[in-house]
Amino acid sequence: MTLFEQQASEFTRRHIGPNEQDTKRMLKKIGVNSLNELIDQTVPASIRMSKPLNLPSAMSEHEYLKHIKEISLKNKVFANYIGQGYYDTIIPSVILRNVFENPGWYTQYTPYQAEISQGRLESLLNFQTMVSDLTALPIANASLLDEATAAAEAMTMFFNTMNKQDHIERPKFFVDREIFPQTKDVLMTRANPIGIEISEGDFKTAEIDSTYFGAIVQYPNDKGSIEDFRNFITKVHEAGAFVVMATDLLALILLTPPGELGADVAVGSAQRFGVPLGYGGPHAAFFSAKEDFKRSIPGRIIGISIDAQGNRALRMALQTREQHIKREKATSNICTAQALLANMAAMYAVYHGPDGLKNIAARIAMLTQTVADAIKERGFELVSENFFDTIVIKTKDVAAIKAKAERQHINLRHIDNNHIGISLDETTDVAHLYDLINCFENDKDPVAFDIHQDDELNHIPSALTRTSSYLTHPVFNIHHSESQMMRYIKQLENKDLSLNTSMISLGSCTMKLNAASEMMPLSWRQWSMMHPFAPASQTEGYQYIIDELSKYLCEITAFDACSLQPNSGAQGEYAGLLTIKSFHESRGDHHRKVMLIPISAHGTNPASAVMAGMKVVVVKALDNGYIDVEDLKSKASQYSNELAGIMITYPSTYGVYEETVKEITEIVHQFGGQVYMDGANMNAQVGLTAPGLIGADVCHLNLHKTFAIPHGGGGPGMGPICVKKHLAKHLPGHSSDRPGLTSNSQSDGDRQTGAVSAAPYGSASILLISYGYIRMLGNEGVKAATEYAILNANYMRAKLEGHYDVLYTNNNGQCAHEFIVDLRPFKKSAEVEAEDVAKRLIDYGFHAPTMSFPVPGTIMIEPTESEDKAELDRFCDALLSIHEEIKALQEGKADKKDNALKNAPHTQSVVTADEWKHSYSRQQAAFPLYYVTQNKFWPAVARVNNTHGDRNLICTCEPIESYMEAEA
Ligand SMILES: Cc1ncc(COP(=O)(O)O)c(C=O)c1O
């Protein structure tokens with residue numbers, strides 16, 4: 001390699017853990033001579049890619065940062081007054097630097113291991129408390145994907161509460177015409193497949209009868225108008241139905257909250273609480289509800305419980321992973337949500353506190369009032385006189401006003417040819433008002449206006465003015481200096497094990513490196529300050545990334561078209577199934593609704609199939625974990641007339657490349673079905689094989705796994721779908737007029753699938769991370785990443801075999817990029833459960849692998865390519881040492897009830913307490929191997945009691961008295 005080639009491929013060496021020498025040693029341990037031999041023994045020849053990927057070659061980090069800066073300058077940052085659910089916001093620098101840009105926060109995984117996740121669990125509890133307080137509804141979840149899908153979740157929750165699956169008595173859902181267009185879009189898409197009839201109208205005149213199960217209104221509405229929904233809510237309740245209010249947290253500081261108006265559910269976006277616009281996301285949506293819905297709320301809820309020492313401990317409650325248990329009967333398919341952004345929004349509220357937030361809201365309202373008065377003085381009329389931050393102006397001069405605004409680098413909302421909207425936000429200051437009002441001024445007069453700071457906010461109706469208190473909990477009232485805030489963030493961060501502590505080998509989750517150079521551009525204003533509905537002429541930088549990334553993803557999957565709209569893997573599944581549905585329907589095959597799903601599938605697969613209006617038929621697995629081809633044949637033939645398709649995961653969730661995969665896809669095609677491939681395991685395919693080569697028609701890609709988007713403690717994520725040509729015209733559309741996307745309007749005969757996300761390209765800003773990943777690794781690097789993922793997994797498998805039973809390898813004894821370790825035998829021989837091993841790993845400084853998926857009583861290990869040999873060895877040493885501890889139990893040398901496994905994890909306070917009554921030493925408890933002494937990670941709490949918390953569900957910060965009781 002020349003010096004220049006060395007430089008260009010530097011990122012590959014930084015992204016991939018093992019160096020040349022270690023690679024040789026690892027191959028030797030596996031018993032093969034080369035990486036090629038290992039890959040030949042692992043990936044079936046029949047599905048191997050014959051040509052190198054046609055992707056650009058690698059770029060050094062320095063070169064990439066220059067390149068992405070150049071692209072960013074193609075975006076033009078205007079002052080945004082478009083609103084429509086997206087607002088500029090001031091991200092407090094202390095949060096930007098210590099949360100958004102901090103791997104201690106963004107590389108965390110979903111807090112399944114509660115003992116090492118207390119920091120983000122506390123922050124998410126703050127988020128829930130903030131949402132619950134501001135909406136005045138008692139139960140809130142820890143975020144959803146966006147406002148529109150949150151509204152759709154509320155709709156389906158009401159629908160399922162009111163109707164039995166086979167007996168729909170109340171099919172209708174009322175949609176007030178003044179909700180955001182993108183929310184309407186998503187509601188329509190979600191309603192149709194499951195038999196919901198949307199009825200759109202004016203809430204003031206709507207007739208709601210017993211055929212309705214629910215209704216949605218927006219507060220303040222799409223035109224900024226603050227309407228009093230009390231009578232409407234009473235009317236809906238009298239008809240026996242429920243009401244969801246889409247709303248705005250900042251407005252609720254000043255307005256009577258939904259709970260006090262009688263609403264059953266409130267939804268919305270927490271974006272304007274310090275989360276950048278990012279051309280549509282990622283942002284956290286919120287969802288709060290009355291107590292009656294506590295068992296059916298979608299998504300994750302953080303609750304308070306106790307640990308083994310009786311101390312307060314937080315963990316995910318009730319619905320956590322409920323798709324895995326309930327599968328097609330699950331309340332929703334939400335898995336990845338928007339945890340990192342929920343944490344940012346919560347921190348914003350913690351930092352500003354109730355008074356700071358009130359100042360922000362009042363300032364915006366006062367400036368909006370000033371603009372409204374000034375514009376009215378110039379002869380214009382407003383659509384509504386009751387508003388918070390948004391006014392809509394009636395005018396015949398839309399084009400002229402728009403042109404003038406553009407000349408001043410201002411984006412107004414162009415509603416139609418007679419209406420212009422203006423939404424103010426926290427970034428608007430008095431200087432901005434000159435330009436803004438100037439858009440409505442004749443060119444002769446200089447702009448002048450009066451600003452009355454001390455005036456009443458007389459456009460907020462007194463009957464709807466908030467009187468109740470909010471955010472009274474101490475957490476929102478003590479961290480207001482930067483020192484305090486910085487320390488609070490750090491204190492929480494220290495409780496959580498993230499990738500900057502040690503490897504997180506979660507099978508099926510691909511916790512690889514999220515490189516700093518991939519992340520850095522996200523903070524740049526040209527990417528972060530773009531409004532999702534800004535004119536296309538201002539967003540050429542984003543368009544470039546969207547086009548290029550779509551091309552790369554098509555090349556990698558061997559498909560022809562791509563939609564970047566879905567905001568998570570599960571949303572990708574849903575979107576992919578809708579394309580299949582739409583394809584069948586376009587051929588008159590409306591009856592093709594049976595989706596075959598292997599028993600080993602991830603729980604979101606059946607949950608998504610139900611959302612897409614399909615009937616789930618389960619296909620069996622053989623003892624070796626392969627799909628039972630005979631069972632598949634018989635089911636495909638039994639349902640041949642109704643077969644919509646199959647959902648497979650490849651390599652399978654058992655971590656093997658089934659040689660039979662092509663036969664499987666052929667059988668399904670033969671019976672007229674389409675093949676959906678769950679792309680969660682793409683990290684074992686890139687550059688070696690592809691969904692298009694195994695016979696799939698559509699797949700989703702978890703960009704937050706294979707393509708380096710960090711997991712953020714449970715989101716963000718992105719689940720784009722790629723499809724073969726025949727499905728291209730069935731990809732999701734959007735009501736906004738975006739390049740490459742067709743609108744969903746009725747007149748558009750070509751595009752049949754509606755929007756699945758609020759924003760046209762989902763969480764567009766994090767696409768940059770995947771783009772950077774591909775550009776810096778280049779065509780050879782992405783393939784090498786796959787090869788090293790397989791190497792690392794097989795090296796660990798080889799080290800652990802003989803001590804642990806490894807389930808499911810292929811005929812050559814190799815696994816794919818992950819493998820399953822069976823812990824079930826230890827239950828009988830040593831009374832040790834998988835959970836004990838998972839918790840004991842914490843004492844060794846590691847996050848547990850994936851537990852009990854896809855096989856109960858097992859752990860699934862996926863090291864990824866980013867870990868070097870030394871880290872893999874440490875992890876193996878930990879597991880081998882744990883095996884010795886189990887052996888001692890099996891041999892009767894240790895106490896079966898009181899041992900280091902059962903009591904794990906050990907907290908600092910337990911280990912340093914004056915009293916120590918256990919049969920093993922303190923050192924064995926906390927420092928079982930030498931390396932642990934070099935980098936000890938202490939769990940914040942002892943083992944968490946899950947059932948206690950579920951029996952006594954508390955999911956907002958407790959009143960201060962409970963802390964005092966605990967201290968007493
Ligand atoms: C096999 C598989 N399918 C689907 C999903 C769902 O993806 P997401 O969490 O992005 O919704 C996961 C998530 O872990 C998965 O492992």
Side-chain angles (χ1 to χ4, degrees), residues 108-112 142-146 149 153 281-282 298-300 316 319-324 327 330 332-340 504-512 564-577 597-609 611 625 647-656 676-685 691 696 698-721 756-757 762-763 766 770 816-818 820 849-855 860-862 864:
Q108 302 166 349
Y109 190 64
T110 310
Y112 287 126
S143 82
L144 288 176
L145 294 167
D146 59 34
T149 53
E153 293 295 340
R300 294 163 175 144
M316 294 199 288
Q319 286 88 340
T320 298
R321 290 207 132 187
E322 63 119 41
Q323 305 102 22
H324 289 286
R327 299 175 75 84
S332 83
N333 72 341
I334 301 291
C335 189
T336 288
Q338 303 280 18
L340 180 72
I504 301 181
S505 64
L506 283 160
S508 194
C509 300
T510 317
M511 298 290 290
K512 59 169 64 176
L564 294 171
Q565 208 179 95
N567 271 325
S568 71
Q571 289 301 98
E573 292 165 18
Y574 166 66
L577 294 177
I597 302 187
I599 185 76
S600 59
H602 194 260
T604 52
N605 287 191
S608 301
M611 278 168 65
M647 293 181 89
I648 54 168
T649 304
Y650 200 75
S652 76
T653 52
Y654 291 121
V656 252
Y676 183 90
M677 198 207 80
D678 180 323
N681 290 345
M682 265 313 279
N683 214 43
Q685 287 202 34
V698 45
C699 75
H700 80 255
L701 300 170
N702 298 65
L703 298 189
H704 47 297
K705 299 183 178 185
T706 315
F707 296 95
I709 292 178
H711 282 72
M718 274 294 274
I721 53 172
V756 296
S757 301
S763 300
I766 53 176
S770 300
H817 65 314
E818 62 189 4
I820 297 176
T850 297
M851 295 240 332
S852 293
F853 170 74
V855 185
M860 179 156 61
I861 301 176
E862 181 185 359
T864 84

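What you see is a predicted model; the values in this text were computed from it and never measured. Both ligands and their constituent atoms are indexed starting at 1 by order of listing. Index from 1, following the sequence.
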Trainee: Are any of the N/O atoms in Thr649 less than 3.5 Å from those in ligand 1?
Mentor: no
Trainee: Listed by chain and number, what are the side chain to side chain contact (heavy atoms under 4.5 Å, CB included) partners of Ser568, not counting sequence neighbours?
Mentor: Leu145, Thr336, Ala570, Gln571
Trainee: Look only at the side chain of Asn681 and the backbone of Pro651, and say whether a donor-acceptor pair between them is shorter than 3.5 Å.
Mentor: yes
Trainee: Between Ser608 (side chain only) and Glu573 (backbone N and O only), is there a donor and an acceptor less than 3.5 Å apart?
Mentor: no
Trainee: By side chain to side chain contact (heavy atoms under 4.5 Å, CB included), which residues pair with Ser652, not counting sequence neighbours?
Mentor: Tyr654, Val656, Glu658
Trainee: With respect to atom 9 (O) of ligand 1, which of Thr336, Asn333, Thr110, Leu703 exhibits the smallest heavy-atom separation?
Mentor: Thr336
Trainee: Against heavy atoms of Asn702, which atoms of ligand 1 measure under 4.0 Å?
Mentor: 7 (O), 8 (P), 10 (O)
Trainee: Do Cys335 and ligand 1 have an N or O pair less than 3.5 Å apart?
Mentor: no
Trainee: Closer than 4.0 Å to some heavy atom of Glu573 - which atoms of ligand 1 meet that?
Mentor: 3 (N), 4 (C)
Trainee: Taking 4.0 Å as the limit for heavy-atom contacts, which would you say applies to Lys705 with ligand 1: side chain only, backbone only, both, or neither?
Mentor: side chain
Trainee: Pick, from Gln571, Met647, His700, His704, the option with the minimum heavy-atom distance to atom 10 (O) of ligand 1.
Mentor: His704
Trainee: Under 30°, 30 to 60°, or over 60°: which ring-plane class applies to His602 and Phe853, parallel, tilted or perpendicular?
Mentor: perpendicular
Trainee: Heavy-atom contacts under 4.0 Å between Ala680 and ligand 1: side chain, backbone, both, or neither?
Mentor: side chain
Trainee: Could you grab the distance from atom CG of Asp146 to atom CG of Asn567, nearest 0.5 Å is fine?
Mentor: 5.5 Å
Trainee: Should you measure from each heavy atom of Ser508, which atoms of ligand 1 turn up under 4.0 Å away?
Mentor: 1 (C), 15 (C), 16 (O)
Trainee: So do the side chains of Glu818 and Thr653 get within less than 4.5 Å of each other, counting heavy atoms only?
Mentor: no
